[in-house]
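Following: one structure in C-alpha cells, then a few remarks.
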4 protein chains.
Amino acid sequence: MSEKEDLLVGEFPFIPRQVRAQQKREALLESGQALFTLNGYEQTTAKEIAAHAGVATGTFYRYFSDKRQLLMALLEDKIDNFLAPEPHWFSSNPESVLASLLEVRARRLQQSGLYRVLPEILSKDMELAEVMKEARLKIHERILFGLKQINEKGLTWNDLDLDTVAWSIMVLVENGHEKEKQSGNRVNYSEMAKVICRMVFPPDILEQLQNHNE
Amino acid sequence: MSEKEDLLVGEFPFIPRQVRAQQKREALLESGQALFTLNGYEQTTAKEIAAHAGVATGTFYRYFSDKRQLLMALLEDKIDNFLAPEPHWFSSNPESVLASLLEVRARRLQQSGLYRVLPEILSKDMELAEVMKEARLKIHERILFGLKQINEKGLTWNDLDLDTVAWSIMVLVENGHEKEKQSGNRVNYSEMAKVICRMVFPPDILEQLQNHNE
Amino acid sequence: MSEKEDLLVGEFPFIPRQVRAQQKREALLESGQALFTLNGYEQTTAKEIAAHAGVATGTFYRYFSDKRQLLMALLEDKIDNFLAPEPHWFSSNPESVLASLLEVRARRLQQSGLYRVLPEILSKDMELAEVMKEARLKIHERILFGLKQINEKGLTWNDLDLDTVAWSIMVLVENGHEKEKQSGNRVNYSEMAKVICRMVFPPDILEQLQNHNE
Amino acid sequence: MSEKEDLLVGEFPFIPRQVRAQQKREALLESGQALFTLNGYEQTTAKEIAAHAGVATGTFYRYFSDKRQLLMALLEDKIDNFLAPEPHWFSSNPESVLASLLEVRARRLQQSGLYRVLPEILSKDMELAEVMKEARLKIHERILFGLKQINEKGLTWNDLDLDTVAWSIMVLVENGHEKEKQSGNRVNYSEMAKVICRMVFPPDILEQLQNHNE
DNA sequence: CATGAATGAGCCTTCATTCAT
DNA sequence: CATGAATGAAGGCTCATTCAT
C-alpha cells in the first residue's frame, strides 16, 4: 500500500491539536456534569470524571486545576439557566408567553440536571453563593420592574404587594420543572402560567389583554 | 457539694444509666445538628461531633451506627418541618392562618438550619430522597383535598387547575423563609399570604370569608 | 481463674497509655532515622517509615505533622552531635583530649548515620540551614576563644592566623569520622589529634604541656 | 539580514544537525546545572529543565535517558572540581602554590554551585558514590605520595603520620571554599595555605624552601 | 527529530470506623 | 460502657516518562 493511499484514508482521523484538546476538555466537562448530576458533587472524584471521559487522571489536571474549577466552568455557561427569566407582559398573550418560558427553561434544566448539585455547593462556596444571590436579585428586580410598568397602567391587582408577587413568580418559575417529579405525568405549563397570571392580573383585564394581542 | 456529702446523701444524684445514655445521645444529636448546619454534612467528621458533645470518638458509634444514622435521627424528628404544612381554609380568616403558618414554619427552619444539608444528602441517599418525595406528595394531596372541598362550595376560582394551584401553594410555602435572604429586611408574611390566597379565592369571596369568620 | 490471678500474671504486658504512645513515637523516630540514613530523605516516604515502625500510615500523622517534622525532631536531639565540640587545651594533655573527643564524636555520628541526610536537607530548608550555620559559628568562636587564651600565654605558633587555625580544627574534627571510609581500617584518632595539635602548638611547647599535665 | 539574503547566500547559515543537536544538548546541560544548583535535584523537574532550555519536554528525553543521566553528564565534566587537587611541593614556594590552588578550586566550585547537589545524589546513587570515593582515594594517594617524597628528603615533620596529614590536607582543601560562608568576608587563602603547610613542614625548613625557590 | 499532550504510578493526607485497654 | 489510639481505604495531586502527531 503506497503512502499516498495512506494519506487518502489513513490520515482522515487527524484533527488539529487545539480541536483535540478542546474535545478533551469538552469530554471532561460533560463527564463532570453527568457524574455530578448522577452522584452529587462530593461523591464524584476527579479520577472518576477522568475515567468517564476516557482520559487519565493527570489529564484532568491539565484542563482544570481541580474539581471545583470544573464545576465553575460548567456553571459559567449555564448559570442563567438556573435562574428564572423575566416574562414580558406586553409582547403578546401573557399566559402563553409564560407557558413557553416555563417549558423552555424546564427543558434546559432537565437536560443538564446540573441544578441538582447547586444547593450542595452553595453551602460550601461562599463565592458562588454570592454570585447566585446577586443573579437572583437581578432577576427579581427585572420582574418587579415589569410589574410596576403594568401596574402603572392599572392592569394588575392593586391590593397586592408587587415585591411579593415578583418573588412568588420567580420561585414558581424556578421550581416549575420539579412538578413533573411529583405528578409523574408531564407538567402542564399552561396551567402553571394561568396560576401565575392570576397573581398579577384580575381575570377581566387578562381577558382584555389576550383579545387585544390576538 | 463535696463528694462526701454525695455519699452521705446516698445514691440520689446518681443518674440511671439510661438517662445518662439518653443525655449523651441528646448531646451528640445537638452537636451533629449544630455542626452539620454550620459546616455541611460531608465537612463534619464524627470526631468533631463527638468532641463537640464532650465524649470520645468511640462513644459516637455506641449511639449511632454511623454518621448517616445520626443525620437520619435528626431528620426523623424534623422532617415535617421541612415540608409545607397544609393550610386549613375554613377554620378562620384564610389570610391570617396562612400568614402565621408561614411564619411559624420559617422560624422553625431558621432555628435548626438543618434544611441546608438536605440537598447535600438527597443526592446520596435514595432512601431519604424517596421518603421526602412521598412526604411532599402527601402534603400536596392534603392541600389539594382542602382546595377541592372549598371548590365544591364554589369558593375558588373555577378556571384554575386545582392540582397546579396546590403545587404552587406548596412551593411558595416551602420557599417562603428564603425571601428574607433576598430582600434583607424581614419577610412580610401577610403579603405573602395575600398573594397565595389570590391564587385560590376571588377577591370578593375572600372578603366574605374574612367577614364571616371575624 | 480469679481476678487476682489475672492481675498477677495476665496484666503483665499492660503498659500505661502514655508509655505506649511514647514507644510508638520512638519507633517512628528510629524508623525514620534508619530509613533516612539508608535511602536519603526524599527517597523515604511516610508510609515506609510507618511500615518499618510496624504501624499504619495514619498513625504516622498522629505523632508527626509530616516527614519534615519527624526529621526536625530527630535533629533536635542530635544537632550537637553534628558539630565539632571545642577542645579544652588546658585541662590535660591536649593530644589525648583531642583524640578522645574525636573518637566519641565519631562514634556518635556513626551510630546515627543521620548526618548523611543533613546536606540534602540544608539546601531545601533555609530555616534549618540557618540554625546549623549559627551553631557552627558558635563552635568556631569557642575554638577561637580557646586559641586566643593560649596564644596570650605564648603557647601557640605566633605566625598563624588564629581564625584560620580555628576553622581548620573545626573542619578536621567535623570530618574526622569519614576517614574511616577511606582507609578502611579504623581511624587512628591519636594521629589525627597530633596533626591538629601541630597547627596550634610548636612541638617543644606541646611537649612541655604534656609533661606538665601528667 | 533578511531571509531572502539567507537564501541567496545559500546554505551557509545552515547549521548541521549535529551542531544544532549539540547546542540543544548544551542548553539542556546548562539549564540542568542552573536549576539543580538553584532548587536541588529532586525539586527540579524535567519539564522545567526543558522549558528553561527552550525545548519541549520530549526533547529532553532525546538527549538524555532521564534526569539522572543529565546529572551524570554534568558531573562527568566537573567531578575533578569537587575533589581536592594535589599540591606540588617542589615546583615553587609551597605556600603560594597551595594558596592559588585553593583559590582556583574555590572559584570553580562557586561558579558551578553544582557541588551542592552532590550529597543529595550520593545517597541514592551507589554507583556515583563509589566513583566519588575512588576519586577521593586517588587524590589522597597522590597527596600521600608527594608527602612521602619530601619526607624522604627530611623536609617534613617526622613525628606525624603522613597518611593522616595527607587526609587532613585533602579535607581542608575540599572545604576551603566554605569558610567564606562563615566569616562573611573573603577567605584569606594565604593564611589557609600557611596553616596547611604547618602540618607538613617545620617552620625553618619551609623558610629554606621559600628562599630557595625565589 | 521536535513537540507537548497524555499517562498512571505513587506520594501525601484525611477520616470513618474498629478495638484493645 | 467509655475511651481514644490505631487502622487503612480512598481522594487529591504531581511528575517522570512515553508517544501520536
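So that the names make sense, note that chain A is the first sequence line, chain B the second, and so on, each numbered from 1.
- Within residues 24-37 of chain A, the residues approaching DNA chain E are A:Lys24, by heavy-atom distance under 4.0 Å.
- Closest approach of B:Glu42 and A:Gln43 over heavy atoms only: OE2-NE2, 2.9 Å.
- Residue C:Tyr63 places at least one side-chain N or O closer than 4.0 Å to OP1 or OP2 of F:dA6.
- Taking CG of D:Leu114 as the reference point, atom OG1 of D:Thr37 lies at 5.0 Å (rounded to 0.5 Å).
- Remark: DNA chain E forms stems of 3 or more consecutive Watson-Crick or G-U wobble pairs, all pair distances under 3.5 Å, at E:2-21 with F:2-21.
- Regarding D:Phe64, its CZ atom lies at a distance of 16 Å from the P atom of F:dT18, rounded to whole Å.
- C:Lys47 forms no cation-pi arrangement with C:Phe60, by the criterion of a distance under 6.0 Å to the ring centre and an angle within 45° of the ring axis.
- Inter-residue side-chain proximity for B:Leu75 and B:Leu71 is flagged as met; some heavy-atom pair is nearer than 4.5 Å.
- Summarising the geometry, the separation between OH on C:Tyr61 and P on F:dG8 is reported as 16 Å, rounded to the nearest angstrom.
- The side-chain heavy atoms of C:Leu70 and C:Phe36, taken from C-beta on, include a pair separated by under 4.5 Å.
- One interatomic measurement links the two molecules: CD of C:Gln23 to P of F:dA6, which rounds to 11 Å at whole-angstrom precision.
- In terms of the side chain to side chain donor-acceptor pair (under 3.5 Å) criterion, A:Glu48 has no residue partners (sequence neighbours excluded).
- The B:Asp66 side chain lies nearest to E:dT17 when the options are F:dC13, F:dT17, E:dT17.
- The two residues A:Met72 and A:Asp125 come nearest to each other via the heavy atoms CE-OD2, 3.1 Å.
- Evaluation of the side-chain contact (heavy atoms from CB on, under 4.5 Å) rule for C:Gln69 yields C:Phe64, C:Ser65, C:Asp66 as partners, not counting sequence neighbours.
- Taking both residues in full, the closest heavy atoms of D:Ala50 and D:Ala56 are given as CB-O, 3.6 Å, listed atom of the first, atom of the second, then distance.
- Within residues 40-60 of chain D, the residues approaching DNA chain E are D:Val55, D:Ala56, D:Thr57, D:Gly58, D:Thr59, by heavy-atom distance under 4.0 Å.
- Taking 4.0 angstrom as the limit, C:Arg62 places a side-chain polar atom (N or O) nearer than this to OP1 or OP2 of F:dA5.
- Atom CG of B:Leu71 is separated from atom C1' of E:dA16 by 15 Å (rounded to the nearest Å).
- In this entry the distance linking CD of A:Gln22 with C1' of E:dA5 reads 14 Å, nearest Å.
- Across the protein-nucleic acid pair, A:Arg68 atom CZ and F:dC13 atom P stand 12 Å apart, rounded to whole Å.
- A:Met132 and A:Leu122 make their closest contact through CG-CD2, 3.7 Å (heavy atoms, listed as atom of the first residue, atom of the second, distance).
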Under 3.5 Å donor-acceptor pairs involving side-chain atoms of residues 24-31 of chain D, not counting sequence neighbours:
unit_1  : atom_1 : unit_2  : atom_2 : d
D:Ser31 : OG     : D:Ala27 : O      : 2.9
D:Ser31 : OG     : D:His52 : ND1    : 2.8
D:Ser31 : OG     : D:Ala53 : N      : 3.3

